[in-house]
Amino acid sequence: MSEENPWIRLSRQEIYDNPWIRVDEDQVRNPSGGLNLYGRIHFKNQAIGIIPLDEAGNTWLVGQYRYVPDAYFWEIPMGGSPNGKTSWKRPSGS
C-alpha cells in the first residue's frame with residue numbers, strides 16, 4: 001500500500017477568516033474517483049490548557065456559558081498562543 005496521498009484537490013475556496021481561524025472548502029477527487037466536498041479549519045494559534053494547583057494540592061476549574069453549544073461547562077483554564085511559541089514567562093507577581 002502506497003504512503004502517497006491518493007486524494008486530488010480540485011479546488012480550494014476560503015469561506016471564512018478571522019484573527020483566530022480560517023475555514024476553507026476543498027473540492028476533491030477521492031481514491032475511488034468520486035467527488036467529495038471537505039471543510040478544513042486552520043487554527044491560527046495553539047491551544048494552551050492549565051491545571052493549576054494551590055498550596056494544598058487542590059486544583060481549580062472555571063465555569064462559563066459557551067455560546068456555540070448553548071450550555072454551561074466546567075473547564076480547566078485555557079487560552080491560546082501564537083503558533084510556534086515554545087516558552088512562556090510567568091507573569092510578575094505570580
Do Tyr16 and Asn18 have side-chain atoms, one donor and one acceptor, less than 3.5 Å apart?
yes
Separation between CD (Gln13) and CD (Gln27), nearest 0.5 Å, reads 8.5 Å
Can you tell me how far CD1 of Ile41 sits from CD1 of Ile21, rounded to the nearest 0.5 angstrom?
6.0 Å
Applying the 4.5 Å side-chain criterion to the ILVMFWY set and letting contacts propagate, would Ile15 and Leu37 be lumped into a single cluster?
no
Please examine the side chains of Pro52 and Thr59, heavy atoms only from C-beta on, and report whether any two atoms are closer than 4.5 Å.
yes
May I ask you to decide whether Asp24 forms a salt bridge with Arg9, counting only side-chain N to carboxylate O separations under 4.0 Å?
no
Can you check whether Val23 reaches Arg40 side chain to side chain, under 4.5 Å on heavy atoms?
no
Go through the steps for Glu25 and Glu14 under the test side chain to side chain contact (heavy atoms under 4.5 Å, CB included), then give the verdict.
CA-CA 6 Å; Glu25 183 178 271; Glu14 183 179 287; over 6 Å; no
Less than 4.0 Å between a side-chain N and a carboxylate O, is that true for Asp17 and Arg22?
no
For residues Trp7 and Asn5, report the shortest heavy-atom separation together with the two atoms involved.
N-OD1, 2.8 Å
Would you say Ile76 and Leu53 are hydrophobically clustered, going by side-chain heavy atoms of ILVMFWY under 4.5 Å?
no
Other residues, nucleotides and ligands only: do more than 12 of their heavy atoms fall within 6.0 Å of CD1 on Ile51?
no
Taking the side chain as everything from C-beta on, heavy atoms only, tell me whether Met78 gets closer than 4.5 Å to Ile48.
no
Quick test of your reading: applying ring pair (Phe, Tyr, Trp, His ring centres under 6.0 Å), list the pairs with at least one residue in residues 41-74, sequence neighbours left out, ordered by first then second residue.
Tyr72-Trp74
